[in-house]
Amino acid sequence: MKTNIIRDAQELSNYVRTAKQSGKTIGLVPTMGYLHEGHASLIRAARKQCDVVVVSDFVNPTQFGPKEDYATYPRDEQADLRLVESCGADVLFVPTVETLYPNGQDSTWVEVSKLGTILCGASRPGHFRGVTTVVTKLLWISQADYAFFGEKDYQQLTILRRMVRDLGCPCQIVGMPLVREDDGLALSSRNIHLTAEARNQALSLHRGLECARRAFQEGCRDAQTLIARARDEISSQPLAEIQYIEVADPETLEIFDAEVPARVIMLLAVRVGGVRLIDNMRLDG
Ligand code: AMP
């Protein structure tokens, strides 16, 4: 199946309008490109559920801080097109920065309060404002009935669910499970920047989460003990620099610092050899 590349927002709007007029449902899969099996799982889910599948490929500058890796974020449009085509998407939307931000930084912003300031939001101020703003634009342009996001970016998924509810967007957010390599490393476009040594040490993230999960399943309900289990595993790796490890409510992301309830998720962010990685796991799962 051939995937159409569309670069112009108006052209995409026209395309989806025609599809909607004939009663078709639209599924949107927003990505920053350099696609892998994690992205593919979202595209396949959209393919199953929707008549028209639009994948967006846009490295969104407004979700990167000034000292972050916007300039070096990996890009490969031709490889992305091949993957998207193999998953049966109808459209690969590749807008320019000028298309999505016609007034540059002097933009209209969408911001989810509070939820965007904890966890990753604490170490990346403004990050989630960039995410919610660009996803709002993409939802408007694509008129999506369903938008697919991975649980890999669990806080992002939670924030987008809140945003859609708060703004009354006529779109349903669909969350999909985190996809890992066979050895446990969470798939991420940034993994390409890991040296062999850093990649090996990055496996401690998954091992740390598993240690915490085991402790939880053996009856531990103390947040600090659970966090220490993961921290001990990860901090034994010389290249690992922990940004945060927290346990939280899987729906609200309320952070627990003493006793944890029956349903709990552990979330973490760690720089390994200078590459910022995030991961998470349900401890009750
Ligand atoms: P990104 O291109 O990293 O911004 O990710 C685009 C979408 O793919 C987001 O909804 C991510 O949560 C999702 N995604 C990225 N990596 C994975 C993964 N390993 N498993 C599942 N979904 C993922």
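For ligands, and for the atoms within them, numbers begin at 1 and follow the listed sequence. All values below were derived from every heavy atom in this structure, side-chain atoms included, with hydrogens, water molecules and symmetry-related copies excluded.
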How far is [atom] from its nearest protein heavy atom, and which residue and atom is that?
| atom | result |
| --- | --- |
| atom 5 (O) of ligand 1 | His39 NE2, 3.4 Å |
| atom 4 (O) of ligand 1 | Met32 CG, 3.6 Å |
| atom 11 (C) of ligand 1 | Asp153 OD1, 3.1 Å |
| atom 6 (C) of ligand 1 | Pro30 O, 3.4 Å |
| atom 20 (N) of ligand 1 | Val179 N, 2.8 Å |
| atom 22 (N) of ligand 1 | Gly150 CA, 3.5 Å |
| atom 17 (C) of ligand 1 | Lys152 CB, 3.6 Å |
| atom 15 (C) of ligand 1 | His36 CE1, 3.9 Å |

If you measure from the Lys or Arg side-chain nitrogens to the Asp or Glu carboxylate oxygens, is any gap between [X] and [Y] under 4.0 Å?
| X | Y | answer |
| --- | --- | --- |
| Lys20 | Asp145 | yes |
| Arg207 | Glu233 | yes |
| Arg276 | Glu241 | no |
| Arg82 | Glu85 | no |
| Asp279 | Arg180 | yes |
| Arg47 | Asp90 | yes |

Please identify which atoms of ligand 1 are closer than 4.0 Å to at least one heavy atom of [X].
| X | answer |
| --- | --- |
| Leu178 | 20 (N), 21 (C) |
| Leu187 | 16 (N), 17 (C), 18 (C), 19 (N) |
| Leu42 | 7 (C), 8 (O), 10 (O), 13 (C) |

Taking the inter-plane angle between the rings of Phe64 and Tyr73 on a 0 to 90° scale, is it parallel (under 30°), tilted (30 to 60°) or perpendicular (over 60°)?
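The rings of Phe64 and Tyr73 stand perpendicular, inter-plane angle above 60°.
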Ring of Phe58, cation from Lys137 - is the NZ or CZ under 6.0 Å from the centre and inside 45° of the axis?
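The answer is no; the distance or angle limit is not met.
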May I ask you to establish whether Arg271 and Tyr244 are in a cation-pi arrangement, using a distance under 6.0 Å from NZ or CZ to the six-membered ring centre and at most 45° from the ring axis?
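Not satisfied by the 6.0 Å and 45° rule.
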Ligand 1 versus Ser188: contacting region, heavy-atom distance under 4.0 Å
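Neither; nothing of Ser188 gets under 4.0 Å from ligand 1.
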Ligand 1 versus Val29: contacting region, heavy-atom distance under 4.0 Å
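No part of Val29 is near ligand 1 at this cut-off.
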